[in-house]
Amino acid sequence: IYCYFCNFVTIVCGYFKGYFIKVSSTFYNFNLSFFNFSSVYKTLQHPVCMSPVTQRGIHTNLARLDLQEIQDSVDAILTAIDASLSGYNKNSILSRFNAGETVVPDSYFIDIYCSAYDVYNSTGAVVDAASAPLFDVWGFGFKSGEMPTPDRVKEVLSGCGMSRLKADMAEAVAEDGILNPYDLLRDRNGVPPQLNYNAIAQGYSCDKVARYLYSIGVKDMMVDIGEI
């Protein structure tokens with residue numbers, strides 16, 4: 001099962017030339033190991049690949065690549081995602097955006113916002129990345145919280161909701177590449193938005209790692225990324 005809407009492990013598994021490939025990372029500790037899995041794979045009639053990546057233009061033989069090079073490349077992807085999207089990294093683009101600062105969004109920041117808006121629409125507003133203030137007061141976000149009063153919940157709800165925000169973040173980015181949080185609002189006089197991507201960031205990160213592994217010739221793998 002593809003755990004795209006939860007804070008658990010997202011898995012993509014399969015087989016590559018007799019080897020079972022496992023990628024495990026918590027952003028700061030990455031391990032890539034190979035296990036002979038051909039006997040188990042023979043029992044599988046339909047290899048599973050749950051990450052929406054393409055396989056066009058792949059000609060590289062994985063066996064010719066240096067293992068350290070692969071590890072460094074995956075580390076670089078995850079480090080970049082952490083610097084952009086982590087709510088626990090106080091210097092990330094997301095943390096500074098949530099603090100009301102103007103930021104220069106990178107491709108990850110814009111891309112995951114688009115994905116979050118799609119998820120918001122497809123779930124009938126049940127999964128709402130713009131409810132970060134509500135997550136925080138209940139203690140599920142990036143700040144410690146306690147049992148909130150009904151009045152406190154009502155207060156923070158006024159600053160929540162993707163419906164308050166433009167569907168395309170690129171439209172809110174100025175010509176110089178700077179994004180002011182207020183410019184993302186449909187009504188610029190509203191409460192500045194705060195975002196929390198914890199519901200989809202793990203799956204998003206796995207997709208990025210899987211896309212890289214596909215690009216070097218891996219066709220099936222297990223990508224295991226924990227909490228970010």
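The figures here come from the full heavy-atom set of this structure, side chains too, leaving out hydrogens, waters and symmetry mates.
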Nearest heavy-atom neighbours spanning F135 and D128
CZ-O, 3.7 Å

Note: R96 and K90 closest approach over all heavy atoms is CG-O, 4.2 Å

W138 and M147: side-chain contact (heavy atoms from CB on, under 4.5 Å), yes or no, with the steps?
CA-CA 6 Å; W138 281 101; M147 187 66 72; 3.4 Å; yes

Nearest non-hydrogen partners of C160 and V156, listed with the distance
SG-O, 3.3 Å

Output for pair (L195 CG, S95 OG), nearest 0.5 Å, gives 11.0 Å

Answer whether the closest heavy-atom distance between the side chains of E155 and V137 falls below 4.5 Å.
no

What is the distance from atom CD1 of I216 to atom CD of E69, rounded to the nearest 0.5 Å?
8.0 Å

Return the OG to CD1 distance between S205 and I81, rounded to the nearest 0.5 Å.
4.0 Å

Assess the residue pair Y113 and M162 against the criterion (side-chain contact (heavy atoms from CB on, under 4.5 Å)); give the C-alpha distance rounded to whole Å, side-chain angles, the decisive distance to 0.1 Å, and a yes or no.
CA-CA 10 Å; Y113 178 83; M162 296 292 281; 3.9 Å; yes

Taking side chain as C-beta onward, heavy atoms only, is S163 less than 4.5 Å from Y120?
yes

Would a distance-only check, ignoring hydrogens and angles, find a side-chain to backbone donor-acceptor pair under 3.5 Å from Y214 to K219?
yes

Identify whether L185 and L94 are in the same connected component of the hydrophobic contact network (ILVMFWY, side-chain heavy atoms under 4.5 Å).
yes

Just by modelled atom types, is the A83 backbone N or O under 3.5 Å from a matching donor or acceptor in the S86 side chain?
no

Spatial distance of atom CG (D118) from atom CD1 (I112) [nearest 0.5 Å]
12.0 Å

Assess the residue pair D82 and L85 against the criterion (side-chain contact (heavy atoms from CB on, under 4.5 Å)); give the C-alpha distance rounded to whole Å, side-chain angles, the decisive distance to 0.1 Å, and a yes or no.
CA-CA 5 Å; D82 178 72; L85 306 178; over 6 Å; no

So does T102 get a backbone contact from the side chain of N180, meaning a donor-acceptor N/O pair under 3.5 Å?
no

Any side-chain donor-acceptor pair under 3.5 Å between S73 and Y212?
yes

Honestly curious: do I77 and I70 fall in one hydrophobic cluster under the side-chain, below-4.5 Å linking rule?
yes

So, taking the atom named OG in S115 and the one named CD1 in I110, what distance separates them when rounded to the nearest 0.5 Å?
12.0 Å

So, the side chain of K166 versus the backbone of D183: is there a donor-acceptor pair under 3.5 Å, distance only?
yes

Candidate list L157, T149, D151, test side chain to side chain contact (heavy atoms under 4.5 Å, CB included), partner V153, passing option:
L157

The single option from D106, D111, N89 that satisfies side-chain hydrogen bond (donor to acceptor under 3.5 Å, both in side chains) with S84 is D106

Please test Y117 against M169 for side-chain contact (heavy atoms from CB on, under 4.5 Å), starting from the C-alpha separation and ending with a verdict.
CA-CA 10 Å; Y117 219 107; M169 178 178 284; over 6 Å; no

To the nearest 0.5 Å, atom CD of E101 lies from atom CD1 of I178 at 12.0 Å

Could you report the tightest heavy-atom contact between A116 and A129, atom names first, then the distance?
CB-CB, 3.9 Å

Expected output: side-chain R164 to main-chain D187 donor-acceptor under 3.5 Å
no

Do L179 and I93 come close enough that some side-chain heavy atom pair is under 4.5 Å?
no

When hydrophobic residues are tied together by side-chain contacts of less than 4.5 Å, even through go-betweens, does V191 share a cluster with Y182?
no

